[in-house]
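One structure is given here, and the rest of the page talks about it.
In this text, all values refer to a predicted model and were calculated from it rather than measured experimentally.
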Amino acid sequence: MNIEVHHSILNGEIEAIASKSQSHRILIAAALSDKPTTIKINSWSKDIEATLNAITELGAKSEWEDDDELIITPIADLPPKATLDCNESGSTLRFLFPVVGALDIFECTFIGRGKLPKRPMEPIITEMRNKGISIKNKTLPITIFGTLQGGEYKLPGNISSQFVSGLLFALPLLPTDSTIEITTPEESQSYIEMTIDVLKTFGISIKKENNIYIIKGNQKYISPNKITVEGDWSNAAFWFSGAALNGSITVMGLNPKSTQGDKKILDILKEMGAEVSINQNSITVTHKNLNAIEIDAGDIPDLVPVLAMVATLAQGTSHIINAKRLRLKECDRLFAMNQCITMLGGDIKETEDGLIIKGGTHLIGGKVKSFKDHRIAMSAAIGSVVAKNPIIIEDAEAVEKSYPHFFHDFQELGGKYNVLYLR
């Protein structure tokens, strides 16, 4: 599906959709709990569906009680053999990979599509092989056999925090104590903090001393009975960025005290010159003259695509650094944004670990690829608010991975678009 977006000014109020990152974590914790959990969740996506399908394949049950309330009955009888389809969700794969190893399943095969089979798994495969798991293949499809053992684990901190989160879910289930030592500087630490926060809600205790996570064995997941998924800061960032470029948008339903690292979007936009107002249940960003800054993306990789788009209007030259891991996402996002902004008439250069954007002028418009990446597609749409001519986004249906009704909400806020054709 190709979508043509036209120049517009984004204004209005919108409710934040449920956090995709927190949804994954809550679904898995609920599946491992002692009794059913009711999850209040106001939106859905393909990634979250992948995790729900995976835990039901493992023996959990799900039932919608209302339009926005999902009851998860925990795993009772494990299958001797299972195939988990992770679709394109890295969180589903990397969280459940160690969890399955900690459960008493004889054989489990993980499959996926899109770019997921090419995303790195080597660090966690090596550690699990050293702890009692037999693993066939290093890329999807991957089949694992055996039962995970506790002990000392070592993982790099600069490849994916999802490996650490997966072990944090799994290791409390084992009979012996474990540790996870982070061997290189830790990036995306806020995502690990989110995992620990969800685990705490479900009765699991994790301690950290310097660069080592300490996990007691024989812990039990205890359901909180009912839990509400927070609003998603990562997706709200698109609306805040659109407002900073051209307009004023209020997003409701976000937690200013959230462990979600992408709430840093407000600090960044404020530093660039946008007006930010935080009220009790709403946050508003309003356009002002923007200035270039340096952005360290080490803990906020998902914000890079849309911040690169914001930087095209900021006076001066913006530098995005510590973003090398973006080359291992749904696509190489540094390459993709370099291509996207260049095709739209912007001035951007790609570095080994980031982007350099010379801003201060409106984009021209044109045709761009989404690279079948949801964040590239949404960033291109946001770019339309400062583009003189329409922007055509190829494979715009990529937004379904995290925000299926993105273009509906875009239109509700004053955005203009039309579907060119379906295929």
Side-chain angles (χ1 to χ4, degrees), residues 10-22 161 187-191 193-194 230-279 281-314 318-323 325-326 329 333 337 354-355 357 359 373-383 385-386 399 402-403 406 409-410 413:
L10 300 182
N11 285 299
E13 296 183 354
I14 196 162
E15 187 76 19
I17 66 171
S19 166
K20 179 168 74 79
S21 297
Q22 196 183 55
S161 65
E187 297 181 358
S188 291
Q189 188 174 357
S190 61
Y191 286 94
E193 291 173 1
M194 188 192 309
E230 287 184 355
D232 194 314
W233 279 92
S234 302
N235 282 318
F238 291 100
W239 307 132
F240 290 143
S241 296
L245 284 169
N246 189 4
S248 181
I249 295 176
T250 298
V251 181
M252 299 168 288
L254 292 171
N255 177 12
K257 297 181 180 179
S258 172
T259 55
Q260 295 178 57
D262 285 350
K263 68 182 181 181
K264 193 175 179 181
I265 184 68
L266 298 183
D267 295 332
I268 294 170
L269 293 178
K270 190 173 182 179
E271 185 181 352
M272 294 181 84
E275 181 181 310
V276 176
S277 175
I278 302 176
N279 298 311
N281 191 42
S282 65
I283 298 169
T284 303
V285 172
T286 302
H287 168 71
K288 298 289 182 183
N289 291 333
L290 301 178
N291 298 304
I293 63 170
E294 181 176 276
I295 300 168
D296 187 333
D299 200 40
I300 51 167
D302 286 345
L303 294 182
V304 168
V306 76
L307 285 175
M309 196 62 73
V310 174
T312 64
L313 192 66
S318 294
H319 295 254
I320 298 175
I321 62 172
N322 292 334
R325 283 177 305 132
L326 268 75
K329 294 287 187 176
R333 287 179 175 166
M337 286 309 299
L355 298 167
I357 305 106
D373 186 314
H374 54 136
R375 301 201 188 279
I376 304 302
M378 290 187 282
S379 297
I382 293 302
V385 305
V386 290
V399 301
S402 65
Y403 200 158
F406 171 82
D409 288 354
F410 178 75
L413 291 168

Counting only heavy atoms not in Asn279, do more than 12 sit closer than 6.0 Å to its CG atom?
->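 Check passes, neighbour count above 12.
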
Would you please name every residue forming a side chain to side chain donor-acceptor pair (under 3.5 Å) with [X], sequence neighbours left out?
| X | result |
| --- | --- |
| His287 | none |
| Asp299 | Ser190 |
| Gln22 | none |

What's the spacing between [X] [atom1] and [Y] [atom2] if we round to 0.5 Å?
| X | Y | atom1 | atom2 | result |
| --- | --- | --- | --- | --- |
| Ser402 | Asn235 | OG | CG | 4.5 Å |
| Lys20 | Asp232 | NZ | CG | 8.0 Å |
| Glu15 | Asn281 | CD | CG | 7.0 Å |
| Ile357 | His319 | CD1 | NE2 | 9.0 Å |
| Met309 | Phe238 | CE | CZ | 10.0 Å |
| Ile278 | Leu266 | CD1 | CG | 5.5 Å |

State, to 0.1 Å, how close [X] and [Y] come at their nearest heavy-atom pair, and which atoms those are.
| X | Y | answer |
| --- | --- | --- |
| Ala274 | Leu290 | N-CD2, 3.7 Å |
| Val306 | Ala237 | CG1-O, 4.4 Å |
| Trp233 | Ile283 | CH2-CD1, 3.3 Å |
| Met272 | Ala311 | CE-CA, 4.2 Å |
| Ala297 | Ile320 | CB-CG2, 4.2 Å |
| Ile265 | Ser241 | CD1-OG, 3.9 Å |

Quick one: salt bridge (charged side-chain N to carboxylate O under 4.0 Å, His left out) partners of Lys288, sequence neighbours excluded?
-> Glu275

Ile295: which of Ile321, Ile300, Asn322 passes side chain to side chain contact (heavy atoms under 4.5 Å, CB included) = Ile300

Among all residues two or more places apart in sequence or in another chain, which pass the ring pair (Phe, Tyr, Trp, His ring centres under 6.0 Å) test with Phe406?
-> Trp239, Tyr403

Review item, side-chain donor-acceptor pairs of residues 249-258, under 3.5 Å, at least two apart:
| from | atom 1 | to | atom 2 | distance (Å) |
| --- | --- | --- | --- | --- |
| Thr250 | OG1 | Thr284 | OG1 | 2.6 |
| Asn255 | OD1 | Lys257 | N | 2.9 |
| Asn255 | ND2 | Glu230 | OE2 | 3.0 |
| Ser258 | OG | Glu230 | OE1 | 2.7 |
| Ser258 | OG | Gln260 | N | 2.9 |
| Ser258 | OG | Gln260 | NE2 | 3.4 |

Quick one: does [X]'s side chain get under 4.5 Å of [Y]'s, heavy atoms only?
| X | Y | answer |
| --- | --- | --- |
| Asp373 | Arg333 | yes |
| Met337 | Val304 | no |
| Leu10 | Leu245 | no |
| Leu307 | Leu269 | yes |
| Asn246 | Leu313 | no |

From CA spacing to verdict: salt bridge (charged side-chain N to carboxylate O under 4.0 Å, His left out), Arg375, Asp302 = CA-CA 8 Å; Arg375 301 201 188 279; Asp302 286 345; 3.7 Å; yes

